[in-house]
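Below you'll find the structure, written out as structure tokens, and then a few comments.
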Amino acid sequence: MPDVENHDELRQVTEILQRHSLEPGNLIPILQEVQEELQYLPREGMRLVGRSLGIPEVDVYSVATFYNQFRLNPPGRNQIKVCLGTACHMMGGYIILDCFERRLNVHEGETTPDREFSLERVACVGCCTLAPVTVVNEKTEGKVTPTRVDGILAGLGFKKDQAAGKVEAEV
Amino acid sequence: MAAKVKITIDGREIEASPGDRLLWAALDSGIYIPHLCGIREENHPPASCRLCFVEIAGMPNPVTSCTQPVTAGMVVYTRSSQVDRLVRRGFQLLLSAYHLRCGECPKNHTCEIRRIAKERGLKLRVKDLRPLDRDLPVDASAGDFVYDPNRCVLCGQCAWACRHRAGVGILGFVRRGMERRIATFGEAPILASGCTRCGECVKACPAGGLTFQKEASG
Amino acid sequence: MKTAATLEVAPDQIYRDLQHAARQRLTGEKEEPLVMVGTATCGRAAGALDTLAAFKEEIVRRHLSVRVREVGCLGDCYLEPMVIIQKPGYPPFIYGEVDEGKARRLVADFLVNDDPCLEFAMAALEPNDIFPTLADYPRGFYEQRVITELCGIIDPTEIDQYLDHEGYAALARALSMDPGEVVAQVKESKLRGRGGAGFPTGLKWETCRKAPGTPKYVICNADEGDPGAFMDRALLESNPHQVLEGLLIAAYAVGASQGYIYVRAEYPLAVERLKTALDQARQRGLLGENILGSGFSLDLAVFQGSGAFVCGEETALIASLEGRPGIPSHRPPFPAVSGLYGQPTVINNVKTLSYVPHILRQGPDWFRGIGTTDSPGTAVFALAGKVANTGMVEVPMGTTLRRLVFDVGGGIKDGKEFKAVLIGGPSGGCLPETALDLAIDFDSLQQAGAMMGSGGLVVLDADDCMVEIARFFLEFTQKESCGKCTFCRLGTKQMLEILTDITKGRGKPEDLTLLWELAGDVKAGSLCGLGKTAPNPVLSTLRHFRHEYEVHIDEGRCPARMCQDLITYYIVPQKCTKLCNVCVGSCPAEAVYTRPDGIKAINQELCIKCNNCLVTCPPEHQAVVKISPPSPAEGA
Ligand SMILES: Cc1cc2nc3c(=O)[nH]c(=O)nc-3n(C[C@H](O)[C@H](O)[C@H](O)COP(=O)(O)O)c2cc1C
Ligand code: SF4
Ligand code: SF4
Ligand code: FES
Ligand code: FES
């Protein structure tokens with residue numbers, strides 16, 4: 001994770017802290033807000049939250065690494081989530097995930113080196129009857145086929161020869 | 001303090017304070033029950049190692065003795081086919097993810113894992129399960145001691161000691177599921193995280209997870 | 001804010017005034033044509049927002065005086081996007097699969113002219129002489145809607161509509177009763193918790209009410225973690241006030257002053273609609289200080305989860321609310337005695353709380369009159385998988401599986417053969433064909449080795465592999481295990497390794513014994529419900545479909561041709577027409593090629609088993625097949 005202090009980010013975290021009463025019980029809502037604004041939880045930001053709430057910094061890190069939603073690295077510009085809940089799995093969601101992985105040359109939970117795309121799996125977004133489902137930049141789409149994967153990516157400006165190189169793993 | 005009550009463990013009558021946890025009452029009377037995660041001072045025991053199972057007359061299933069308060073007249077069995085089966089399996093499971101190197105381990109003679117094996121006649125080599133141990137980086141930054149996550153049983157003793165005995169609180173459980181481990185903030189080296197090198201965590205560790213370097217050479 | 005004057009008035013009177021005012025505001029509306037578009041998450045995924053926009057645009061363009069409202073989910077998800085049109089002089093009609101084109105046509109033909117386009121109407125909402133109603137279809141006939149009754153019919157963002165349908169009347173009623181009496185009524189109704197275990201709700205409330213300590217808390221568990229269930233989401237998105245009312249009554253009954261609704265992270269729309277509902281309830285004096293002038297006060301807040309299935313477990317949920325990782329702890333103490341911040345706390349599921357207003361309004365006897373003696377009331381299921389009519393259904397407890405799958409669900413998709421249902425998600429189990437006549441309730445399911453769980457019900461046909469399903473669920477629970485205790489963290493991992501080996505054709509005969517034993521040990525040794533129930537899918541598939549496991553191990557073959565490592569795709573030369581090229585174009589890996597004789601074939605080295613060629617090959621040829629065991633050479 002990036003170790004440099006980013007003053008802009010810290011200022012935003014400070015502002016978020018000012019909007020909450022500083023009790024340990026508010027840790028999760030505060031982290032959620034930080035992530036909503038900054039797209040991820042910067043290291044120094046987490047430290048600041050810990051200090052402000054009077055809890056050991058490792059406890060903040062425990063929470064940040066326990067829940068699926070928290071990210072310790074900035075995500076890609078486009079966030080692709082593939083549902084692998086029961087219904088979606090049964091209707092071939094794993095094939096859809098495979099297709100994205102192959103096209104983007106990343107595994108689920110990773111971001112392309114150019115930070116354009118992050119790929120995640122989710123467990124049921126509640127539209128099981130439209131399985132298999134993807135959520136691309138917050139838009140839910142049902143009945144996705146492997147061919148549609150290429151369509152989705154093309155719509156996001158992805159070019160086939162783009163995928164290559166090393167990837168950065170997310171926690 | 002309330003008057004002592006009598007309970008029976010494996011046919012032996014012992015005295016204990018009502019409300020005390022059974023595990024400690026037994027251990028204090030010299031009756032061994034396997035245990036890794038139990039912390040005597042802790043009011044909310046984690047009950048995570050799942051090795052301290054006993055049977056209690058009147059209860060259908062084995063219960064963890066570290067969470068079970070003593071009541072007058074309680075009749076306890078530390079061994080039964082059900083208990084033995086659970087303890088054996090729990091022990092095997094822990095070892096399937098444990099980097100067993102007793103010959104090289106400074107804890108060799110004080111290790112609780114070896115004690116459990118000896119007390120219950122269990123083998124340290126697990127045959128029927130898949131090996132799950134991983135090759136996680138070892139942290140020797142503190143100098144006096146070494147943290148080897150591959151030999152950690154996730155009992156949490158060290159984190160509790162660091163927080164409540166040493167009053168430092170740099171260790172904790174991070175991540176989830178199979179990835180769960182003891183670490184510092186950001187999984188940074190222990191020394192870079194505010195460690196005072198007091199050694200409380202090492203003393204608390206029942207396994208090979210945290211060991212003093214001295215023990216290694218001596 | 002209540003003035004001193006209203007304080008002397010009984011809650012019931014204040015409520016009547018509120019309801020009257022709400023009805024006044026709605027009267028004008030009832031004389032105008034009304035278009036209701038279902039825009040719950042399921043509708044949106046099917047394009048409901050485009051449909052909605054098309055209606056609005058067309059109505060504005062034509063200067064019509066027609067209201068357009070967003071409503072929740074009717075439950076017939078297979079027909080999304082769904083629209084209801086209410087035009088004076090006609091019964092309200094329900095239309096399915098309304099895309100933008102149909103939307104424009106409905107405006108032109110029905111709203112402007114008088115042709116209700118019955119060719120794509122599904123049913124009428126009220127009995128009439130022109131068109132069948134929902135109750136004229138098997139689904140509607142066998143359904144009994146209690147908590148889903150208003151779903152998809154009222155606007156969830158408008159409290160007036162809920163008030164108009166007697167909403168909050170039960171709260172007013174409860175507030176004029178003694179709290180102990182409220183608990184007694186719920187106890188008498190024999191309501192059991194719908195969050196999975198079926199614990200008697202009245203008993204839980206009584207324990208909490210009697211437990212010493214203030215403050216007390218109430219929590220609505222809307223974590224809905226089962227990866228195949230969406231009823232709680234649908235209820236929150238379609239009728240949030242019903243849950244709030246239930247939670248308010250619970251709080252009054254047990255003496256709580258603060259409450260939380262813990263909503264799953266993946267449900268942003270539910271959170272939005274809940275927050276709107278909370279604001280509106282607060283404005284009307286139904287929430288906050290001195291509710292309906294009764295002197296009772298309650299504050300409610302929405303808490304969003306952060307993605308962890310285990311947080312549905314009550315002690316983990318509490319840890320999460322307190323700002324810690326969602327790691328379960330040993331019970332007892334139970335939350336009803338020592339819960340949030342060590343205080344007495346009632347935790348109930350969304351559905352459980354949704355029944356409460358109905359019970360208080362219609363009485364415990366009415367409730368006990370539905371369903372079975374020990375499991376009164378209805379059960380809400382999310383029908384998914386290979387069933388024709390997927391969606392949310394509500395049937396009386398004790399309905400047989402056969403009725404549920406074949407009458408309510410309309411049978412198996414594409415006329416295939418029924419194989420099994422999976423009920424209760426990752427903590428539940430499968431029921432084979434022999435169980436079709438089982439009357440389902442909490443206890444019968446438990447006895448059959450399954451579980452009501454969340455109510456997720458996935459129907460399987462011959463194309464579904466039971467080993468793969470067991471592996472899928474175990475992979476889920478293993479990923480979602482908090483990792484605290486030995487049996488769940490390592491035991492499920494060991495089981496998963498075995499199952500993965502089997503689905504990849506690497507299984508050994510002795511694996512089945514080990515798997516069975518491990519399953520028993522994990523069940524007995526784990527700390528919380530997640531670990532205790534995680535082996536259920538494995539145990540029940542082993543019990544009913546052991547043969548399938550054996551075929552994988554002994555013959556390296558997947559009878560359902562689902563396990564990817566045990567199949568190859570093959571084009572039957574005799575069936576290929578040579579003339580069309582669709583399969584070649586469909587293959588994302590360029591594995592399909594044209595042989596010199598014009599027939600298509602698959603290069604097995606390149607094939608990624610995406611199934612594309614198989615689905616694109618025209619139905620009149622069906623030249624692409626899957627073969628198991630896999631054949632390395634092209635052409636088995
Ligand atoms: C792993 C696990 C997940 C659970 N998930 C949920 C859930 O998503 N929703 C729910 O209401 N109950 C869930 N429960 C059950 C709750 O712990 C609790 O029993 C329930 O919320 C009580 O409400 P009820 O009495 O109304 O059923 C879960 C339990 C376990 C062990
Ligand atoms: S390092 Fe030792 S004390 Fe700490 S959790 Fe691991 S085994 Fe327990
Ligand atoms: S059973 Fe699983 S989820 Fe429950 S406490 Fe144990 S490890 Fe955590
Ligand atoms: S399983 Fe994918 S939306 Fe439910
Ligand atoms: S000592 Fe009881 S569970 Fe670990």
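Side chains are part of it too, since the values below use all heavy atoms of this structure and drop only hydrogens, waters and symmetry mates. The chains referred to below are lettered A, B, ... by the order of the sequence lines, with proteins before strands, and numbering in each begins at 1.
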Engaged part of Val122(A) at the chain C interface, taking heavy atoms whose separation is under 4.5 Å: neither
CA sep, side-chain torsions, deciding dist, call: Ile95(A), Asn611(C), side chain to side chain contact (heavy atoms under 4.5 Å, CB included): CA-CA 8 Å; Ile95(A) 294 175; Asn611(C) 210 41; 4.2 Å; yes
Checking heavy atoms, do the side chain of [X], its backbone, both or neither come under 4.5 Å from chain A?
X         : value
Gln304(C) : both
Phe309(C) : neither
Arg324(C) : backbone
Leu49(C)  : neither
Ala46(C)  : both
Glu224(C) : neither
Cys482(C) : both
Glu237(C) : neither
Thr616(C) : neither
Gln564(C) : side chain
Met562(C) : both
Lys609(C) : backbone
Val310(C) : side chain
Ala229(C) : backbone

Taking atom [atom1] of [X] and atom [atom2] of [Y], what is their separation to the nearest 0.5 Å?
X         : Y         : atom1 : atom2 : answer
Tyr94(A)  : Glu468(C) : OH    : CD    : 6.5 Å
Lys386(C) : Met91(A)  : NZ    : CE    : 6.5 Å
Ile469(C) : Met90(A)  : CD1   : CE    : 3.5 Å
Ser320(C) : Phe66(A)  : OG    : CZ    : 8.0 Å
Lys81(A)  : Glu266(C) : NZ    : CD    : 8.0 Å
Leu84(A)  : Glu475(C) : CG    : CD    : 8.0 Å

Could you report the tightest heavy-atom contact between [X] and [Y], atom names first, then the distance?
X         : Y         : answer
Val125(A) : Thr41(C)  : O-CG2, 4.0 Å
Phe476(C) : Ala123(A) : CE1-CB, 3.6 Å
Pro227(C) : Cys124(A) : O-CB, 3.3 Å
Tyr67(A)  : Gly326(C) : OH-N, 3.0 Å
Gly25(A)  : Phe303(C) : O-CE1, 4.4 Å

Top contributor to chain A contacts, counting heavy-atom pairs under 4.5 Å, from Tyr78(C), Phe472(C), Phe230(C): Phe472(C)
Max heavy-atom pair count under 4.5 Å with chain A, selected residue of Ala45(C), Gly225(C), Cys465(C), Ala270(C): Ala45(C)
Greatest number of heavy atom pairs closer than 4.5 Å to chain C - which of Asp59(A), Val63(A), Leu27(A), Ile30(A): Val63(A)
Selection from Thr86(A), Asn68(A), Val149(A) maximising heavy-atom pairs under 4.5 Å formed with chain C: Thr86(A)
Contact residues of residues 31-39 of chain A (partner chain C; heavy-atom separation under 4.5 angstrom): Gln32(A)
